[in-house]
Amino acid sequence: MSTSTVARARAIRWWDHVTPAPKDPINSVTEAFLADPCPYKINLGVGAYRDDEGKPIVLQCVREAQAKIESSNFLESNSTAVSSKLVEESAKLVYGEDSDVIKEGRFAGVPALSGTGACHLFAELQRRLYPNSRIYLPDPTWSNHHNIWRDAHVAKKTFRYYHPDSKGLDFMALMDDVKNAPDGSFFLLHPCAHNPTGVDPSYEQWKEISSLFKVKNHFPFFDMAYQGFASGDLERDARAIRIFLEDGHLIGCAQSFAKNMGLYGHRVGCLSVLCDDKTQAVAIKSQLQQIARTMYGSPPIHGILLVSKILSDPDIKATWLKEVKVMATRVQRMRAALRDSLEKLGSSLDWQHITNQVGMFCFSGLTPDEVDRLAKEFHIYMTYDGRISMAGVTTKNVDYLANAIHEVTASDQDAKVLCNLRA
Amino acid sequence: MEHLKPDEATRTEADGESMFFNVPLAPDIPIYATTAAYKKDPNPNKLHLGVGVYRTEEGNSHMPNVVRQVEKTLANDPYADKEYLPITGIPEFNRLSAEIIFGSDSPAIKESRVTTVQCVAGSGALSLGAKFLAKYNHQHVVYLPEPTYGNHFNLLSGSGLALKTYRYYDPKTRGLDFQGLLEDLDSASVGSVVVFHACGHNPTGVDPTCQQWEQIRQLVRLRRLFPFFDCAYQGLVSGSLDADGQSIRMFVRDGGECIVAQSYSKIMGLYGERVGSLSIVCKTADTARRVESQLKLIIRPLYSNPPIHGAAIVTGILKDRNLYKEWTAELKAMSDRLVKVRHQLYNALCERGTPGDWNHIIRQVGMYSFTGLNEEQVGFLTKEYHIYMSSDGRINLGGLSSNAVPYLADAIHAAVTRIN
């Protein structure tokens with residue numbers, strides 16, 4: 001036997017016990033879509049904005065920012081000034097342009113690897129400071145929230161959120177679960193354009209939730225990944241957070257610029273934690289930076305430069321606000337068009353949730369079998385929970401989509417008719 | 001970091017009081033504190049020999065020409081989008097990075113036994129590797145050379161791995177404590193992970209010779225230890241990517257397994273863009289596939305998918321024959337400058353008759369030199385000469401220009417003669 005064969009024979013078998021990992025539900029939709037050769041296939045899986053041609057876009061404000069930073073020479077990972085600028089400007093979006101919080105430096109803010117990274121940093125902080133605490137996640141929520149807190153070794157619980165019958169908010173159950181949680185629990189809230197359901201509490205409902213949180217002394221952690229996509233107006237979409245701030249809550253907030261600036265691949269986001277005073281904010285920030293340093297040091301400078309430029313240059317920011325409105329409006333139009341199309345086809349099912357729900361996603365109510373049929377027979381791809389990324393719908397494909405949904409829900413419609421006949 | 005006990009960490013009834021009211025301020029990170037102090041210093045002769053960033057002769061941060069070119073191309077490309085990358089990053093980036101490390105003719109690559117994933121710089125690769133090992137390695141002990149890169153402890157211990165050290169640097173010779181190294185590895189338990197710096201050891205600049213690497217390899221395989229390479233200076237040490245990759249390639253040629261964390265921060269001047277990779281060389285292609293699927297599961301809750309910009313630049317350079325050639329030429333020039341400045345410093349100290357043997361400055365390789373100066377002498381250098389460096393006596397030769405050599409030599413001479 002050669003030396004290397006001997007070596008191989010004797011060498012320890014390190015990874016034999018490693019089993020293939022289950023596929024991520026959202027990514028596997030994209031994989032299946034990419035593998036499909038059908039020319040009129042539709043990807044309604046991942047929450048990435050597409051224009052009416054079904055193409056990803058680079059926003060004009062991003063191109064303008066890019067041109068302005070081209071001559072910059074930020075090479076070293078220690079670009080504290082730029083990071084601080086990003087954090088300050090991002091905080092304005094959360095807390096308000098003229099907020100005291102920012103003026104007084106009463107928040108700990110760090111750039112993060114997009115929304116995922118921001119959530120992960122917070123989960124790590126939560127575990128280190130409150131090792132016996134749990135995170136309450138809405139049912140349902142973005143699937144990766146479960147992974148994030150599990151990976152940070154923080155126990156999880158869910159609170160009721162979505163009402164499958166009404167396809168809206170199960171407000172009574174939500175309040176019940178908030179009330180029954182032990183005092184001082186950590187809750188994750190989607191401030192706008194809930195993912196995956198598109199179901200947001202109303203203004204009055206948010207006020208009630210905030211009051212109850214005060215009574216229970218709960219910690220509200222907001223994951224804001226779609227600011228601007230719910231109403232088209234960034235300030236309006238931050239309303240829920242502002243309600244909590246007015247009520248005196250000390251919140252945490254993860255922000256992502258992936259969707260509303262089209263910077264998906266650049267991984268730019270921000271984590272902020274509101275504190276009692278500046279001293280505390282400095283302490284928390286130092287802890288967060290330490291956590292980041294045990295993982296990757298600092299996020300990539302390019303994305304930070306882009307976002308910081310977009311937010312701090314008044315002209316570029318104005319362009320951005322317009323573009324956000326355009327994106328949100330297109331998605332709203334597609335919602336209306338899809339519902340319209342289904343109703344025109346004579347579907348006997350109730351499709352008003354398509355236009356009631358907000359943001360990028362529609363929780364269609366389609367069953368896993370129906371989702372499967374859509375993929376196999378119609379080459380339309382979405383996640384098994386029936387979540388449709390409305391950004392993937394265009395004026396060209398909306399009728400085809402409506403037809404397909406109408407077909408696969410034929411038996412539901414029959415069942416409904418039968419039900420009505422019996423009633 | 002100080003840990004709050006659960007019963008201490010309860011919220012009070014007080015209206016609006018923070019959950020985090022008794023969180024202590026984390027300590028400053030020494031190397032960054034040095035940079036901050038340097039920036040504040042108004043003295044015109046100040047020298048920044050602290051953090052490991054390569055600078056030009058003029059003392060400016062260095063952006064390789066090829067990087068500038070590719071960035072421009074990317075910016076002007078109407079078809080370039082900013083969509084999410086796959087969880088494991090740009091596939092071409094991964095393939096080309098593996099070729100840089102292992103050689104394009106590597107049997108491990110040809111047999112699809114290597115999985116390479118894009119990471120958030122070398123730090124991200126190290127921490128991802130640690131997380132994977134914590135999950136799948138039976139043994140949870142990691143051996144680090146004494147001394148090692150300051151952040152290794154943080155990056156590797158975060159995942160619950162127990163850290164130990166093995167003897168490496170001999171302060172008497174200012175070279176390798178080879179006997180000590182062999183003894184310590186010999187007594188490590190089966191399955192222990194051993195971190196090696198592939199080339200250009202940080203902070204000492206002391207690398208094993210080829211023959212010593214071969215002995216280390218034999219011992220590692222005999223004792224069934226698991227090699228984890230930190231490869232942050234490939235090409236910068238000897239000027240040749242292939243030569244600097246030999247240590248790793250030895251461990252692949254013998255058919256065994258290993259992990260490699262790679263960084264493009266220094267070798268492509270991409271520091272802030274956070275570009276790196278993690279490669280795991282496995283026994284079989286099937287194992288590599290399964291390992292990759294598990295890496296994805298670890299990555300997703302950390303940051304979902306890696307950042308596009310830096311990796312796109314690297315890919316643009318590596319896949320274009322001319323740009324690649326230009327880059328390797330720039331690497332050689334950078335490496336040559338480091339060697340030149342080492343000789344200049346050594347000569348300057350000899351000329352001054354500075355007490356002591358300064359031979360180690362030219363024996364040590366890569367970006368750093370462990371001068372042998374003690375903490376008090378370092379403090380003297382900072383206070384009297386406004387020279388900023390690590391308190392362990394490490395200087396970053398990448399931050400030293402030829403013009404500044406006489407000044408540095410004067411300073412070292414003064415420190416050594418006035419303080420013992």
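Keep in mind that this is a model prediction, so the values were computed, not measured. The basis for the numbers below is simple: all heavy atoms, side chains too, and nothing from hydrogens, waters or symmetry mates. Letters go in sequence order (proteins before strands), and every chain restarts at 1.
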key: Residue P306(B) versus chain A: region with a heavy atom under 4.5 Å   = backbone
note = Under 4.5 Å to a heavy atom of chain B? For P299(A) that would be backbone
query = Which distance, rounded to the nearest 0.5 Å, do you find between the CG of L59(A) and the NZ of K82(B)?
reply = 10.0 Å
query = With only heavy atoms counted, which part of I29(B) is less than 4.5 Å from chain A, the side chain, the backbone, both or neither?
reply = side chain
note = In this structure, NE2 of H302(A) is separated from CD1 of I313(B) (nearest 0.5 Å) by 7.5 Å
task = Select one option (side chain, backbone, both, neither) describing which atoms of A80(B) are under 4.5 Å from chain A's heavy atoms.
result = backbone
task = Flag the pair Y32(B) / R293(A) as yes when at least one side-chain heavy-atom distance between them is below 4.5 Å, and no otherwise.
result = yes
query = Who wins among H153(A), H146(A), K285(A), H120(A) for the most heavy-atom pairs under 4.5 Å with chain B?
reply = H120(A)
ask   = Is it the backbone or the side chain of R50(A) that comes under 4.5 Å from a heavy atom of chain B, or both, or neither?
value = side chain
ask   = So which of L297(B), L295(B), N151(B) has the biggest tally of heavy-atom pairs under 4.5 Å with chain A?
value = N151(B)
ask   = V67(B), L155(B), L156(B): which one forms the most heavy-atom pairs within less than 4.5 Å of chain A?
value = L155(B)
query = Atom OG in S159(B), atom CE in M295(A): separation rounded to 0.5 Å?
reply = 10.5 Å
query = In terms of heavy-atom pairs under 4.5 Å, which option from V120(B), L85(B), L302(B), N154(B) contacts chain A the most?
reply = L302(B)
query = For I90(B), is it the side chain, the backbone, both or neither that has a heavy atom under 4.5 Å from a heavy atom of chain A?
reply = neither
inquiry  = Counting heavy-atom pairs under 4.5 Å with chain B, which one of L274(A), T30(A), V58(A), D277(A) comes out on top?
reply    = V58(A)
Portion of E71(B) that has a non-hydrogen atom of chain A nearer than 4.5 angstrom = side chain
task = Sort out for me which of N144(A), D151(A), I148(A) touches chain B most, counting heavy-atom pairs under 4.5 Å.
result = N144(A)
query = Is chain A contacted by the side chain of T287(B), its backbone, both, or neither, given a heavy-atom distance below 4.5 Å?
reply = side chain
ask   = What are the two closest heavy atoms between N147(A) and R300(B), and how far apart are they?
value = ND2-CG, 4.3 Å
request  = Provide the closest heavy-atom pair for P301(B) versus T116(A) in the form atom of the first, atom of the second, distance.
outcome  = O-CG2, 3.8 Å
Those residues that, when tested against Y264(A), pass ring pair (Phe, Tyr, Trp, His ring centres under 6.0 Å) (two or more places apart) = Y84(B)
ask   = Of the backbone (N, CA, C, O) and the side chain (C-beta and beyond), which part of I280(B) lies under 4.5 Å from a heavy atom of chain A, both, or neither?
value = side chain
task = Please name the pair of heavy atoms, one in R267(A) and one in N305(B), separated by the smallest distance, quoted to 0.1 Å.
result = NE-O, 2.8 Å
task = Can you tell which part of V282(A) gets under 4.5 Å to a heavy atom of chain B, answering side chain, backbone, both or neither?
result = both
task = Name the region of V273(A), side chain, backbone, both or neither, that has any atom closer than 4.5 Å to a heavy atom of chain B.
result = side chain
query = Side chain, backbone, both or neither: which part of Y54(B) has a heavy atom under 4.5 Å from chain A?
reply = neither
query = Looking at S133(A), S286(A), S114(A), A112(A), which has the largest count of heavy-atom pairs under 4.5 Å with chain B?
reply = S286(A)
request  = Search all heavy atoms of Y296(A) against all heavy atoms of R274(B) and return the closest pair with its distance.
outcome  = O-NH2, 2.8 Å
Contact summary for A26(B) and Q290(A), nearest pair of heavy atoms = CB-NE2, 4.0 Å
key: K72(B), NZ: over 12 other non-hydrogen atoms inside 6.0 angstrom   = no
request  = Identify which part of T19(A) has an atom lying under 4.5 Å from any heavy atom of chain B, answering side chain, backbone, both or neither.
outcome  = both
query = Quick one: side-chain hydrogen bond (donor to acceptor under 3.5 Å, both in side chains) partners of D81(B), sequence neighbours excluded?
reply = none
remark   = Of all heavy-atom pairs linking A48(A) and E83(B), the shortest is CB-OE1, 3.8 Å
